[in-house]
S.K.: 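Structure provided below as structure tokens; questions to follow.
Note that ligands are numbered from 1 as they come in the structure, with each ligand's atoms numbered from 1 the same way. We're numbering straight along the sequence, starting at 1.
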Amino acid sequence: MSRSFPRRCLALAPRLIPARASARYAALALSTATGALGGYYYAQSKPIITPPQRYGSKSDFDNAIQELRAAFSDPHAVSTEAGTLLAHGFSMNDYHPGVPHTVVVFANSTEDVVQVVKIANKYKLPVVPFSGGTSLEGNFRAFPGGSICVSLAGMDNILEIHEADGDLVCQAGARWMDINAALKEKGIPLFFPLDPGPDATIGGMISTGCSGTNAVRYGTARAEWFLNVTVVLPSGEVIKTRRRARKSSAGFDLTKLFIGAEGTLGIVTEATLRLAPLLDTTVAICQFPTAARAVEAVREVLTSGAVLQCVELVDPDFIRASNLHGVSTRKYPEQDSIFFKFQGSDAIMKETSKQVRQIVQKYGATGWHLASNKQEASDLWDDRKNGLYTSLALIPGARGWSTDVCVPMSRLPEIIAETQLDIKEAGITSTIVGHVGDGNFHTLLLFRDDKELEVVRGLVHRMVERALALDGTCTGEHGVGLGKRKYLYEELGVGTVDLMKAIKKTIDPHNLFNPGKLYPDDISDQGKKL
Ligand SMILES: Cc1cc2nc3c(=O)[nH]c(=O)nc-3n(C[C@H](O)[C@H](O)[C@H](O)COP(=O)(O)OP(=O)(O)OC[C@H]3O[C@@H](n4cnc5c(N)ncnc54)[C@H](O)[C@@H]3O)c2cc1C
Ligand SMILES: *[C@@H]1O[C@H](CO)[C@@H](O)[C@H](O)[C@H]1NC(C)=O
Ligand SMILES: *[C@@H]1O[C@H](CO)[C@@H](O)[C@H](O)[C@H]1NC(C)=O
């Protein structure tokens, strides 16, 4: 058991960053991981969902495991090793209690997934897909009454690259960073612009409806980046949602049905991705007197039509964490700051930088710094993307509750100001990062024990309530998982949630796929009752 967490964390770190920086992040991840093992560990709270009795019994699980072992000749395909079971039902990156799965199957093809689903169907056992394991709302937690976890992490092949069509076909376990690295290595000037957590995979990205820093320029998983997906349904049937043509108006959009479904409707095994032209980029950073002023500046920058790829707000504690644990050699003033990423030719980037600098100065920006070379730009960006890990390291041994909400852009200054005040008054160590061009921001709230966890729970709840009151959403990009289920009725309305449930019931009548996630149990299961 203790072996598995550091390995997962270590696996996260080195892929992300250039070789010279990776040792540092690996050490950071390791110290955070071992700190958490010795400190605030898992399973303190009671399980959030009660297992209904309609699933198979313990002996059904035993029989299913036997059949799974018989179905796959490779002795490593089916694991009941304690460390593996927990590592697939737990995450160092979130606050949910860990629950081990009953068995983990390492699939390598659509056919492997079909076999698992057929056996699960025979014995009526819950199935939870797992790909990158980076999601933050308990999305892949085991079902408390027992579950079969299907790992697609090994299904990471790129199957076809169609440069002339600007698309690519891959397996669901392919990581977005590896896809972009492979395109670069082959000298193909295209990239896939959705950028959630380092190590996230296409299957998980589709299933959480992810986005990331590039969303202000390229949109989210809900834009048309997924052209066609191959899906194994709860019955074991395999479908495709479309063909490879870039456009189609043949019926309604079934690809979208699986976007944000969190593995509750089907297991994605392959996907055709649309690619975007790869452009040169550079990064600038500046500081503001307050976060609210920063967001006001961004609003004017966006309406000016400046060519931005990303615009990210970070708070003083984030800068403190990066200064302590990041890769950039240059240290930055601990103030509310904005990272800008510009794209295009050198001339365009220079012009944009000038234009943006003039605008932000009107809002009290200071310390404007444009990366002087590619390495500096990439280090700065790595520091932004690694914020979760550098922030967790602010208190060795602490766990973190990362939450995200999204509001209409004009309401962002007030919700950020109120949230900052609330956190300060609660005396909790935290960092704030925001994809502010989309009105989306995150807080990472650190806690060391049950008492602090309860304070953090209250902070998160109030942040969501504020967002809903401002016509916003309880989750801009992390998805619902276990953590946000209780807000869906309030946010979407009874008719909408019940329509989601009706679709779920039609596709998965025995509620086998990722039960207990996404759909609130009933109308009484609401945020107000927290
Ligand atoms: C450091 C860090 C930064 C992050 N930044 C962002 C960010 O900027 N934007 C953002 O959106 N998210 C962010 N995240 C969250 C996370 O990266 C995303 O939620 C991501 O989309 C999850 O992908 P995954 O492959 O890790 O999925 P997993 O965690 O493996 O799974 C996610 C969900 O999808 C289901 N699932 C997995 N694979 C499949 C499949 N093949 N078919 C059907 N269902 C499946 C799982 O059961 C689970 O419910 C961040 C996370 C970390 C750790
Ligand atoms: C898939 O491949 C991995 C790595 O080779 C192997 O460990 C695993 O057992 C394989 N799974 C199946 C179902 O054959
Ligand atoms: C997409 O559609 C084609 C049929 O035109 C199908 O062969 C393919 O497997 C589908 N899936 C993916 C992921 O492209």
Side-chain angles (χ1 to χ4, degrees), residues 8-9 12-13 16 29 68-69 71-79 88-89 91-94 105-113 115-116 127-142 147 149-156 171-176 194-215 220-221 229-232 258-271 310 312 384-392 400 402 404 433-435 438 440 442 444 475-482 513-514 517-518:
R8 276 264 304 284
C9 280
L12 280 176
L16 166 64
L68 287 167
R69 290 200 199 284
F72 303 114
S73 54
D74 190 310
H76 303 294
V78 179
S79 174
H88 287 78
S91 169
M92 276 298 300
N93 300 325
D94 71 40
V105 183
F106 296 96
N108 293 320
S109 65
T110 304
E111 291 66 40
D112 288 352
V113 176
Q115 296 236 45
V116 178
V127 179
V128 183
F130 176 103
S131 291
T134 69
S135 55
L136 297 170
E137 284 296 352
N139 317 61
F140 57 82
R141 284 299 190 275
S147 44
C149 174
V150 188
S151 170
L152 290 94
M155 291 178 58
D156 59 355
Q171 290 184 302
R175 292 162 202 86
W176 68 270
L194 302 182
D195 64 330
D199 241 32
T201 66
I202 295 305
M205 290 160 67
I206 290 172
S207 304
T208 55
C210 81
S211 39
T213 66
N214 288 332
T220 73
V229 293
T230 300
V231 186
V232 179
F258 298 97
I259 296 178
E262 301 187 12
T264 66
L265 301 180
I267 301 178
V268 178
T269 57
E270 288 176 13
C310 314
E312 295 283 302
R384 165 59 196 90
K385 290 295 287 179
N386 281 298
L388 184 68
Y389 307 118
T390 53
S391 301
L392 278 171
S402 171
D404 93 303
V433 301
H435 307 310
D438 304 306
N440 183 198
H442 309 301
L444 176 72
T475 174
E477 57 181 24
H478 292 166
V480 178
L482 292 168
F513 274 22
N514 209 3
K517 316 291 165 51
L518 205 158

S.K.: Just checking, any donor-acceptor pair under 3.5 angstrom between side chains of D404 and T475?
M.R.: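 The answer is yes; a qualifying pair exists.
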S.K.: Mind checking whether T201 has an N or O less than 3.5 Å away from an N or O of ligand 1?
M.R.: yes
S.K.: Of all the atoms in ligand 1, which lie at a distance below 4.0 Å from a heavy atom belonging to F140?
M.R.: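 Every atom of ligand 1 under 4.0 Å from some heavy atom of F140: 29 (O).
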S.K.: I would like to know whether K517 and V480 meet side-chain contact (heavy atoms from CB on, under 4.5 Å); could you show each step before the answer?
M.R.: CA-CA 7 Å; K517 316 291 165 51; V480 178; over 6 Å; no
S.K.: Restricting to side-chain contact (heavy atoms from CB on, under 4.5 Å), what partner residues turn up for S211, sequence neighbours left out?
M.R.: A215, T220, E477
S.K.: Within ligand 1, which atoms have a heavy atom of C210 less than 4.0 Å away?
M.R.: 11 (O), 21 (O)
S.K.: Against ligand 1, does H442 come closer than 4.0 Å with any heavy atom?
M.R.: no
S.K.: Answer yes or no: does an N/O atom from Y389 fall short of 3.5 Å to an N/O atom of ligand 1?
M.R.: no
S.K.: Indicate the atoms forming the closest heavy-atom contact of R69 with V78, along with that distance.
M.R.: NH1-O, 3.1 Å
S.K.: Kindly write out the residues that satisfy ring pair (Phe, Tyr, Trp, His ring centres under 6.0 Å) with H478, not counting sequence neighbours, or none if the list is empty.
M.R.: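 With neighbours one apart ignored, the set is H442.
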S.K.: Kindly give the heavy-atom pair with the smallest separation between V150 and A107, and that separation in Å.
M.R.: CG1-CB, 4.0 Å
S.K.: Below 4.0 Å from ligand 1: does a non-hydrogen atom of F258 turn up there or not?
M.R.: no
S.K.: Using a 3.5 Å cut-off on N or O atoms only, is I267 in polar contact with ligand 1?
M.R.: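 No, there is no polar N/O contact under 3.5 Å.
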S.K.: Restricting to ring pair (Phe, Tyr, Trp, His ring centres under 6.0 Å), what partner residues turn up for F72, sequence neighbours left out?
M.R.: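 For F72, no residue satisfies ring pair (Phe, Tyr, Trp, His ring centres under 6.0 Å) once neighbours in sequence are set aside.
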S.K.: Could you list the atoms of ligand 1 found under 4.0 angstrom from a heavy atom of G133?
M.R.: 24 (P), 26 (O), 28 (P), 29 (O), 30 (O)
S.K.: Could you list the atoms of ligand 1 found under 4.0 angstrom from a heavy atom of G212?
M.R.: 8 (O), 9 (N)
S.K.: In terms of side-chain geometry, is the basic nitrogen of R384 or E312 positioned less than 4.0 Å from the acidic oxygen of its partner?
M.R.: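 Salt bridge present between R384 and E312.
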S.K.: Before accepting this row, confirm whether a basic side-chain N of the pair D94/R141 lies closer than 4.0 Å to the acidic partner's carboxylate O.
M.R.: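 Result for this pair is yes, salt bridge flagged.
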S.K.: Do any N/O atoms on G197 end up under 3.5 angstrom from N/O atoms on ligand 1?
M.R.: yes
S.K.: Quick check on contacts: which atoms of ligand 1 are under 4.0 angstrom from a heavy atom of N514?
M.R.: 47 (O), 49 (O)
S.K.: I need the contact type for L388 against ligand 1. Using non-hydrogen atoms and a strict under-4.0 Å cut-off, is it side chain, backbone, both or neither?
M.R.: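 The side chain, only.
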S.K.: Can you spot which of I206, I202, T269, I259 makes a side chain to side chain contact (heavy atoms under 4.5 Å, CB included) with V229?
M.R.: I206
S.K.: Specify side chain, backbone, both or neither for T208, according to which of its non-hydrogen atoms lie closer than 4.0 Å to ligand 1.
M.R.: side chain
S.K.: Check step by step if side-chain contact (heavy atoms from CB on, under 4.5 Å) holds for L388 and L444.
M.R.: CA-CA 7 Å; L388 184 68; L444 176 72; 3.5 Å; yes
S.K.: I'd like the atom pairs linking ligand 2 to the protein - N or O on both sides, separation under 3.5 Å - with distances to 0.1 Å.
M.R.:
from     : atom 1 : to   : atom 2 : distance (Å)
ligand 2 : 2 (O)  : N108 : OD1    : 3.1
ligand 2 : 2 (O)  : N108 : ND2    : 2.4
ligand 2 : 9 (O)  : D74  : OD1    : 3.2
ligand 2 : 9 (O)  : D74  : OD2    : 3.4
ligand 2 : 9 (O)  : A77  : N      : 3.1
ligand 2 : 11 (N) : F106 : O      : 2.8
ligand 2 : 11 (N) : N108 : ND2    : 2.8

S.K.: Indicate yes or no: does an N/O atom of L136 lie under 3.5 Å from an N/O atom of ligand 1?
M.R.: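 No.
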S.K.: Any atoms of ligand 1 less than 4.0 Å from a non-hydrogen atom of M205? List them with their elements.
M.R.: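 Heavy-atom distances to M205 below 4.0 Å select 21 (O), 23 (O).
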S.K.: State whether the shortest distance between N or O atoms of A172 and N or O atoms of ligand 1 falls below 3.5 angstrom.
M.R.: no
S.K.: Between T213 and ligand 1, is there a nitrogen or oxygen pair with a distance under 3.5 Å?
M.R.: no
S.K.: What atoms in ligand 1 come closer than 4.0 Å to a heavy atom of N139?
M.R.: 33 (C), 47 (O), 48 (C), 49 (O)
S.K.: Looking at S135 and S91, what are the two nearest heavy atoms and their distance?
M.R.: O-OG, 4.4 Å
S.K.: Do any heavy atoms of G266 fall under 4.0 Å from ligand 1?
M.R.: yes
S.K.: Under 3.5 Å between any N/O of S135 and any N/O of ligand 1: does that happen in this structure?
M.R.: yes
S.K.: Kindly determine whether V231 and I267 satisfy side-chain contact (heavy atoms from CB on, under 4.5 Å), including the steps that lead there.
M.R.: CA-CA 5 Å; V231 186; I267 301 178; 5.7 Å; no
S.K.: State, to 0.1 Å, how close S131 and A172 come at their nearest heavy-atom pair, and which atoms those are.
M.R.: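 Here S131 and A172 meet closest at OG-O, 4.4 Å.
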S.K.: Would C149 and F140 satisfy side-chain contact (heavy atoms from CB on, under 4.5 Å), going step by step from the backbone distance to the final call?
M.R.: CA-CA 9 Å; C149 174; F140 57 82; over 6 Å; no
S.K.: Where's the contact between N93 and ligand 1, heavy-atom distance under 4.0 Å: side chain, backbone, both or neither?
M.R.: side chain
S.K.: Regarding ligand 1, does V128 bring an N or O atom to under 3.5 Å of one of the ligand's N or O atoms?
M.R.: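 No: no nitrogen or oxygen of V128 is under 3.5 Å from one in ligand 1.
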S.K.: Just how far is it from atom OG1 of T201 to atom CE of M155, taken to the nearest 0.5 Å?
M.R.: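 These two atoms lie 10.5 Å from each other.
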S.K.: Provide the closest heavy-atom pair for L152 versus P129 in the form atom of the first, atom of the second, distance.
M.R.: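 Result for this residue pair: CD1-CB, 4.3 Å.
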S.K.: Please identify which atoms of ligand 1 are closer than 4.0 Å to at least one heavy atom of G263.
M.R.: 43 (C), 44 (N)
S.K.: Between N514 and V128, which heavy-atom pair has the shortest distance, and what is it?
M.R.: OD1-CG1, 3.7 Å
S.K.: Could you tell me if any non-hydrogen atom of K517 lies under 4.0 Å from any atom of ligand 1?
M.R.: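 Contact absent.
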